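See below for the structure under consideration.
Sequence positions, counted from 1, serve as the residue numbers for this chain. Please read all numbers here as calculations on a predicted model, not as lab measurements.
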Amino acid sequence: MSDDFFSTGKEYHLEVDNKYYSSLDIEGFSLMMKDPSYCYKFYWLEAIVKLISEGVSETTFDDIINEMIASAWYSVREFHIHLSGIQLDGQIRDGLERAILKLSDLSGLPSNASKVEIVNAIKEHDNELKESKEQLTNMVPYRALAGFFSRSEEKAEWGSIRRMTAYIKSISSEVVLLPYTLGDSSKLKKEVYFEPAWIKMIQDNTVAILGWIQYEKVKWLQNNNPEVPGLVYKLAPMDEKMRKLDRVHKLWDGILECSNVIDVFTDDPIKTKSYDVDHFIPWSFVMNDELWNLMPMDSSLNSAKNNRLPKWDPFFRRFAQNQYLLYEMIHDKEHIHKLFESCLRDNLHSIWAGQELYRKGNSKEEFFGILEKNMQPVYDSARRQGYEIWNR
């Protein structure tokens, strides 16, 4: 689902095969994500749909919560997304986010850990995570079914898990068939039984349902992370092939043939055969390969910098100096200008960069000012989002 889709303002409605509308309460199902208080309501339903699509017909709260943690890990750890925003005192609101951060502290897993690694770490630290996981089961498994309860004249007793478990069984057998019912075990061991008719519907419409969940989830997350760009791309690991740095590397190769370029972090000249093109503000935040945010740097330092923000002072001015060197050469040397033009399609989409930064005639002071004016707000947003500072 592309970012363009969200910018059109169109609503994404759940659509399933018409044959299911006569036998199942599809309207009730479409209300399972209505009026969420926390983001983990989306991950609860998403986890259920994924488990059903894999052929699971009976599971436990524990297994569903584990799936939720694995699913949300990448957004929280790699991209510093706040699942339900933060409180005025700076505390994290969402229990799922807190569980992920606790697992991260306990396990030391990297932000790009695989699902298998995450699940194994959850099992290894199960006792330490128990309280955080149990908190996620208090309301959502019951509240998610509230859209079906309007079919019944009997009111739900939300304050009692035992009574809610019995109520759900009663509704499903006597009023309207629910997607799942619950067993009598307690807390994380509590059983979840998926109804065969709902299993068939979900398996036949998995792609449409997951697309609908993602749409609703992104709307929620964007409201709670208004400063984060490209959020739709931050829900799952990205394919490295999407990175478009080849032409930028050739541009810097051309510049290095004409002039020394000083590494922003080592203060030594860049060596032609041993440098990478990297982002000053991490790619995981900006989600693009814009030329104005790219720099040559010593390959040996790239992994050390990783997903962190370089300290603004002194590194920004050193970065800007290299950008200005590039700017001078694209206007002074024809073959460098051609290499620059080859970058336009993939690496220069920001209007301000094309119309202001790289226009001919800027003095060094003007160039630095334009770059700082446009980069510092993005840098500050990433800092507020929780990106660590790297001081070399």
If I take atom CD1 from residue Ile209 and atom CG from residue Leu45, how far apart are they, to the nearest 0.5 angstrom? 8.0 Å
Have Asp204 and Tyr20 got a donor and an acceptor in their side chains that come within less than 3.5 Å? yes
Do Gln87 and Asp89 have side-chain N/O donor and acceptor atoms under 3.5 Å apart? yes
Please assess Trp198 against Tyr193 for the test ring pair (Phe, Tyr, Trp, His ring centres under 6.0 Å), listing each intermediate value before the final yes or no. CA-CA 11 Å; Trp198 282 101; Tyr193 305 108; over 10 Å; no
Nearest 0.5 Å, please: how far is SG in Cys258 from CG in Asp253? 11.0 Å
How about Phe315 and Phe280: are their ring centres within less than 6.0 Å of each other? no
Shortest non-hydrogen pair, Leu325 vs Val261, comes out as CD2-CG2, 3.7 Å
Using atom types as modelled and distance alone, determine if a side-chain donor or acceptor of Asp25 lies under 3.5 Å from a backbone N or O of Gly28. yes
Check whether any side-chain heavy atom of Lys133 lies under 4.5 Å from a side-chain heavy atom of Leu129, and answer yes or no. yes
Please identify each residue that fulfils salt bridge (charged side-chain N to carboxylate O under 4.0 Å, His left out) with Arg77, with sequence neighbours left out. none
Counting only heavy atoms from other residues, nucleotides and ligands, does the tally under 6.0 Å from CZ of Arg384 exceed 12? yes
Taking the basic N atoms (NZ, or NE/NH1/NH2) and the acidic carboxylate oxygens, is any pair closer than 4.0 Å for Lys41 and Glu216? no
Count the heavy atoms belonging to other residues, nucleotides or ligands that lie under 6.0 Å from CD of Glu388, then report whether that count exceeds 12. no
In this structure, CZ of Phe194 is separated from CD1 of Ile202 (nearest 0.5 Å) by 7.5 Å
Are the side chain of Thr165 and the backbone of Ile161 linked by a donor-acceptor contact shorter than 3.5 Å? yes
Mind listing the closest non-hydrogen atom pair of Asp298 and Ile270 along with its distance? N-CD1, 4.1 Å
Partners meeting ring-ring contact (aromatic ring centres under 6.0 Å, His included) with His80 (sequence neighbours left out): Tyr387
Met297 and Val264, any side-chain heavy atoms less than 4.5 Å apart: no
Nearest 0.5 angstrom please: Asp289 CG to Trp292 CH2, how far? 11.0 Å
So, do Pro179 and Phe148 sit near enough that their side-chain heavy atoms are less than 4.5 Å apart? yes
Side chain of Ser152, backbone of Glu154: donor and acceptor closer than 3.5 Å? yes
In short, Tyr358 meets Gln323 closest at the heavy-atom pair OH-OE1, 2.8 Å
dist Phe340:CZ -> His331:NE2 (nearest 0.5 Å) comes out at 6.5 Å
Kindly give the heavy-atom pair with the smallest separation between Arg93 and Ser84, and that separation in Å. NH1-O, 3.0 Å
Closest non-hydrogen atoms of Pro36 and Trp220, given as atom of the first, atom of the second and distance, are O-CZ3, 3.4 Å
Test your reading of the model: is there a side-chain donor-acceptor pair from Ser75 to the backbone of Ile81, 3.5 Å cut-off? no
Rounded to the nearest 0.5 angstrom, the CD1-CD distance for Ile281 and Glu290 is 11.5 Å
Pair Tyr324 and Tyr327, ring centroids less than 6.0 Å apart: yes
Could you give all pairs that pass the side-chain hydrogen bond (donor to acceptor under 3.5 Å, both in side chains) test and reach residues 360-371, with sequence neighbours left out? Gln321-Lys364, Arg359-Asn362, Ser363-Glu366
Are Glu67 and Lys115 within salt-bridge range, i.e. N to O under 4.0 Å? yes
Can you confirm whether more than 12 heavy atoms, excluding those of Arg163, are under 6.0 Å from its CZ atom? no
Can you run down the salt bridge (Lys or Arg N to Asp or Glu O under 4.0 Å) pairs that involve residues 94-109, sequence neighbours left out, and say none if there aren't any? none
Working for ring pair (Phe, Tyr, Trp, His ring centres under 6.0 Å), residues Tyr167 and Phe149: CA-CA 9 Å; Tyr167 179 75; Phe149 297 165; 5.0 Å; yes
Can you name the one residue among Phe42, Tyr43, Tyr38 that meets ring pair (Phe, Tyr, Trp, His ring centres under 6.0 Å) with Tyr40? Tyr38
Are the ring centres of Trp252 and Tyr275 closer than 6.0 Å? no
Has Ile351 got more than 12 heavy atoms of other residues, nucleotides or ligands less than 6.0 Å from its CD1? no
Side-chain touch Phe61/Ser185, heavy atoms, less than 4.5 angstrom: no
More than 12 foreign heavy atoms under 6.0 Å from CD of Glu15: is that the case here? no
Scan residues 166-189 for pairs that pass salt bridge (Lys or Arg N to Asp or Glu O under 4.0 Å), counting only residues two or more places apart or in two chains. Lys169-Asp184
The complete set of side-chain hydrogen bond (donor to acceptor under 3.5 Å, both in side chains) pairs with one or both residues in residues 254-274, sequence neighbours excluded, reads none
Do His349 and Asn288 come close enough that some side-chain heavy atom pair is under 4.5 Å? no
Got more than 12 heavy atoms from elsewhere within 6.0 Å of CD, Glu54? yes
